[in-house]
Amino acid sequence: MFIGHFGMALGGKRAAPAVSLGALFAASQLADLLWPTLVLLGYERVDVQPAATAFTPLNFVSYPYSHSLLALSVWGTLFGLGYVAIRRGRIAAGVTIALLVVSHWLLDYLTHRPATPLMGSGSTRVGLGLWNSVAGTLMVEAAVFAAGLALYLGATRARDRIGAIGLWALVGFLIVVYVASAFGPPPPTAAAVAWSAQAMWLLVLWAYWVDGHRRSTHG
Ligand SMILES: [Zn+2]
């Protein structure tokens, strides 16, 4: 799953208006932000395997530290508590962040093959395998993204042109990247996948920037 995770973050703004979209992106995508570094360091493994699923050629051999239910529950708790402590945020903000971190597991559980672990490596691996259907994947992800975007647009208003154009540029960019990855050629190597996945950090910065140019409509 790719664009659905951003949909969850956009929707999270409704629950926690004081939290920047950048922090919400970092929460819902924390798993995929940690993952490429863990792959490059050799702690987790992905293989490029054309036809691994109908939707993606990535075969997630092992990713317990970034993607298990246990790991994401721990990361989510730490991120939520850390946010409340450092930013003096409300409890609701911390809870929203923690739930967004764990939501990554739920959406990946829906899309990945039975590869997503509950706990450590060697633990039970689950997954409903929506990726076996291209149409099903596109429909579910598009629906989650559209719902999240609608919530975000209802919860915020542009202060200036950056807040308006920057947001739509970000939305357009996410859709283009998503469609390109869905229908483009498979990446050459696992390392190439991991290096390009590091670009996710730029999306977090982009979201911080845009969100700073929008204000909450709920006080
Ligand atoms: Zn993931």
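In listed order, ligands and their atoms are each counted from 1.
- Between F25 and F6, a ring centre-to-centre spacing shorter than 6.0 Å is recorded.
- Of all protein N/O/S atoms, those under 2.8 Å from the Zn ion (ligand 1) are D32 OD1, H67 NE2, H104 NE2, D108 OD2, and waters are not counted.
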Would you mind writing out the side-chain donor-acceptor pairs for residues 126-139 within the sub-3.5 Å range, not counting sequence neighbours?
unit_1 : atom_1 : unit_2 : atom_2 : d
N132   : ND2    : G129   : O      : 3.2
S133   : OG     : G136   : N      : 2.8
T137   : OG1    : L130   : O      : 3.0
T137   : OG1    : S133   : O      : 2.7

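- The heavy-atom pair separating L151 from R14 by the smallest distance is CD2-CG, 4.1 Å.
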Output a table of donor-acceptor pairs, distance under 3.5 Å, between side-chain atoms of residues 54-61 and any protein atom two or more places apart or on a different chain; print 'none' if there are none.
unit_1 : atom_1 : unit_2 : atom_2 : d
T56    : OG1    : L58    : N      : 3.1
N59    : OD1    : R113   : NH2    : 3.0

Next on the checklist: Working note: R214 + D160, criterion salt bridge (Lys or Arg N to Asp or Glu O under 4.0 Å); need CA distance, chi angles, decisive distance, verdict.
Outcome noted: CA-CA 7 Å; R214 298 179 69 87; D160 53 29; over 6 Å; no
For residues 73-86, please give each side-chain donor-acceptor pair under 3.5 Å, one per line with the distance, not counting sequence neighbours.
unit_1 : atom_1 : unit_2 : atom_2 : d
S73    : OG     : L69    : O      : 2.7
W75    : NE1    : Y65    : O      : 2.8
T77    : OG1    : S73    : O      : 2.7

